[in-house]
Amino acid sequence: MLRRIAAWIDERAKVGDLYREQMIEYKVPKNLTFPYVFGVLALITFALQIVSGIILIMYYKPVIAHAFDSTNYTIMREIDFGWLFRHIHAAGANFFLAIVYLHMFTGIYYNAYKKPRELVWIVGWVIYFTLLVTALTGYLLPWGQLSYWGTVVTTEIPASLADAPVLKGIFGAIGETISIWMKGGYKLEDLALGRFFGLHVVFLPLILLGLVAIHLFLVRAAGISNPEGYEIDKKNEPEKLVPFHPYVTLKEGAIAMWYLALFFFFVFFYMSHFLPADNFEPADPLKTPPHIAPEWYLLGFYEVFRSIPSKFWGFVAFNLILLLLLLLPFLDFSPLRSARRRPLFFVMFLVFVISSMALTILGTMSPTPTNAKLGMFFTALVFLFFLSLPVISFVEWGWYKARGGQA
Amino acid sequence: MSAAGLIKTVFFTLITVGFFFIIWVYNPFAHKEVYELPEEAARIVGDPKAALEGRELFKQSCSSCHSVRYDGVYLMSVEAKPEWQKILKTMGKPILETQDGKVKIKGYYLPRDVYEAVALQDLENLKASFGKVPPDLSTIYLARGPGYLYQFIMDPQKVLPGTSMPKLFFPEYDKEAPQKVAKIVAYLRSVSEPSPSEKAKRLVMGVATVGYFILMGFILWFYRKRVLEKMGIS
Ligand code: HEM
């Protein structure tokens, strides 16, 4: 009976054809490495965030008088399993950003942003940016001391434009306008909380959902890149390709299970980083806590900003890094791809990875003069990575031509 | 995999795991204040019975200045108001507690804005005397931890110089003082942390969930091996 219902539906909806086309006849390189799993893990984490978020929104109250209590009393103590969903959502936000960073570094390592995948990268960048804003808006909602002061600091950052060497008036006005626009006024109050809430629970997730759909469509349209750095010819070397299902689905499925095991280990047994102690104190606009720093996924940018002595240039520098990241497919115009076949690129990639990590860790430390110098040093290395790409590409074009146009 | 490939894999794995360990679990570079909790006090803080005594001690010594709204404990002067019981029952939500298998009402949870409107004058009086409203202590245990609380209540000035919170316990005159403070901390802990039976439940749930996913991973892995063998791909 069930089978007949399924057949009846399939005859009309053609789900079977879709499945065959998209899962079995869809071929991917056999030699995909472990880091290619990060895209799927990001997808899983996104689903976890949506499900846990839907539960949380049923009990959360976006007004100052109730925000803190609705999270820490209603959700954490009154509602059965409310704590579980809050833990999932808080740990999930951190895991999401972590996985997306790993996914981006994978893309950079294998040069997956190159033709024909420039759009995949660009849409990915927009996802990344939206994700940062989503995390930032969500962070305010519990209305604890960290939520409040973290957001105060972040919304003050555009005001550093007033430090401009020229046209102070205009830059200052722009900075202040952005800052007021982010806060919904001069002070962080109910208005800001309401805005952040609306953005975090409806607008940004919808945008993300749309962007992820486009991202996946584009990935399918271009096909997955080959870690070896050349496109596999479907006709001449079919032995290098395997059907997506079951070859990849089962492999990534197994890894996804282990990923969830790690994730739930944190959810049940180690939440002290994802729900930091300071945020269990209700927001107090009259009491500035001793150490305020953004969340770890912004610390790299924050360290760039604060280690440069001029606020204006600090602001320009971290925005420039974001922009250069977007322009990566065009900075790197070499005909060669994948760090496996590009020794120069491999070295610069190492420089980039280590500098990013160092900047993030420096961001957790107190701003001593030595740390500021180190921060400047690693900022310079990050810029060196981006600026080296056109040079490396130029050199590699030389090698490529010398070899008669072979990669 | 070639030797170079192996080295690269190991290297990238190590720096990634190391990085997240520093950022998420233990950061040796970040400065962190440590507040010591004497062994005897640590034992009392972990004892659920001490928490019950701590609640009474809290009501006696602290509730003239602090409330614990999540536990239905309010300022003494507010609780003395003639209309108070009526306000609790109309505007509040009961806080339930299971004792010997029976569900009991332990107190009432009153929304913050309602409470602050009713207690307006009392809070303003406190502010006039101490320069600030003494905070509600419902979540203070999570925010500060047992060591800080113990040291702070024993001697506020030593931990937070310039604070207007008075020293209330004097071991010079009262031999029981350290135990009493530890009992109060035990009480604050019981307000913030799940009960021992709830903790045990969560432990079982956690182990079962993590175990389930590890097992499912292996099942998929071996299933895949068999499927691929059948299909002739290795
Ligand atoms: C919500 C977040 C994201 C999700 C759910 C997601 C999902 C995916 C999936 C499932 C794939 C295919 C499998 C793989 O290669 O891993 C993929 C590929 C890709 N993604 Fe993402 N992604 C996200 C964010 C990003 C970001 C932020 C970037 C970069 C800025 C990015 C860049 C790429 C690139 C370049 C590819 C192609 C990889 C290749 O063909 O080798 N993605 N993404």
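Every chain is numbered from 1, with letters handed out A, B, ... down the list of sequences.
Only the side chain of A:P243 has a heavy atom closer than 4.5 Å to any heavy atom of chain B. Contact of A:L350 with chain B is made through the side chain alone, with heavy-atom distances under 4.5 Å. Residue B:K93 touches chain A through its side chain alone, counting heavy-atom pairs closer than 4.5 Å. At a 4.5 Å heavy-atom cutoff, A:L299 makes no contact with chain B through either its backbone or its side chain. A:T364 touches chain B through backbone and side chain together, each having a heavy atom under 4.5 Å away. Both the backbone and the side chain of B:I214 have a heavy atom closer than 4.5 Å to some heavy atom of chain A. Only the side chain of A:V353 comes within less than 4.5 Å of a heavy atom of chain B; its backbone N, CA, C and O stay farther away. Proximity to chain B is absent for every atom of A:N279, based on heavy atoms less than 4.5 angstrom apart. Within the 4.5 angstrom heavy-atom criterion, only side-chain atoms of A:K287, from C-beta onward, approach chain B. Neither the backbone nor the side chain of A:L275 comes within contact range of chain B; no heavy atoms are under 4.5 Å apart. Heavy atoms closer than 4.5 Å to chain A are found nowhere in B:S138, neither backbone nor side chain. For A:E78, the part lying under 4.5 angstrom from a heavy atom of chain B is the side chain only. In this structure, chain A has a heavy atom under 4.5 Å from the side chain of B:M231, while its backbone stays farther away. Using a 4.5 Å cut-off between heavy atoms, B:L215 does not touch chain A at all. Using a 4.5 Å cut-off between heavy atoms, A:F269 touches chain B through its side chain atoms alone. Looking at B:F29, the atoms closer than 4.5 Å to chain A (heavy atoms on both sides) sit in the backbone and in the side chain alike. Neither the backbone nor the side chain of A:A256 comes within less than 4.5 Å of any heavy atom in chain B. Interface residue A:F346: only side-chain heavy atoms are found under 4.5 Å from chain B. Residue contact with chain B, scored on non-hydrogen atoms closer than 4.5 Å, is absent for A:V63. When heavy atoms are compared at a cutoff of 4.5 Å, A:F349 approaches chain B solely by way of its side chain, counted from C-beta outward.
In summary, the aromatic rings of A:F38 and A:F34 are positioned with their centroids under 6.0 Å apart. Separation of the B:F12 and A:Y109 ring centroids falls under the 6.0 Å cut-off. For A:Y36 and A:Y110, the ring centers sit closer than 6.0 Å to each other. Between A:F266 and A:F95, the distance from one ring center to the other falls under 6.0 angstrom. Aromatic ring centres of A:W296 and B:F20 lie closer together than 6.0 Å.
Listed here is the closest heavy atom pair of A:A67 and A:W143: CB-CB, 3.8 Å. B:T163 approaches B:Q157 most closely through the heavy-atom pair O-NE2, 2.7 Å. Residues B:K127 and B:V133 come closest through the heavy atom pair CB-CG2, 4.0 Å.
Options B:I95, B:N27, B:I23, B:T9 differ in how many heavy-atom pairs under 4.5 Å they form with chain A, and the most are formed by B:I23. Ranked by heavy-atom pairs shorter than 4.5 Å toward chain B, the options A:M365, A:M357, A:Q145, A:E281 are led by A:M357.
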Item checked: CA sep, side-chain torsions, deciding dist, call: B:D136, B:Y115, side-chain contact (heavy atoms from CB on, under 4.5 Å) -> CA-CA 11 Å; B:D136 178 86; B:Y115 175 66; 5.8 Å; no

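Looking at B:E198 and B:R202, a side-chain N of the basic residue comes within less than 4.0 Å of a carboxylate O on the acidic one, giving a salt bridge. At a threshold of 4.0 Å, the pair B:D71-B:R55 counts as salt-bridged, since one of the basic side-chain nitrogens sits closer than that to a carboxylate oxygen.
Cation-pi check for B:R224 over A:Y247 is met; the charged atom lies under 6.0 angstrom from the ring centroid and within 45 degrees of its normal.
Between A:H273 and B:W24, the ring-plane angle classifies as tilted under the 30° and 60° cut-offs.
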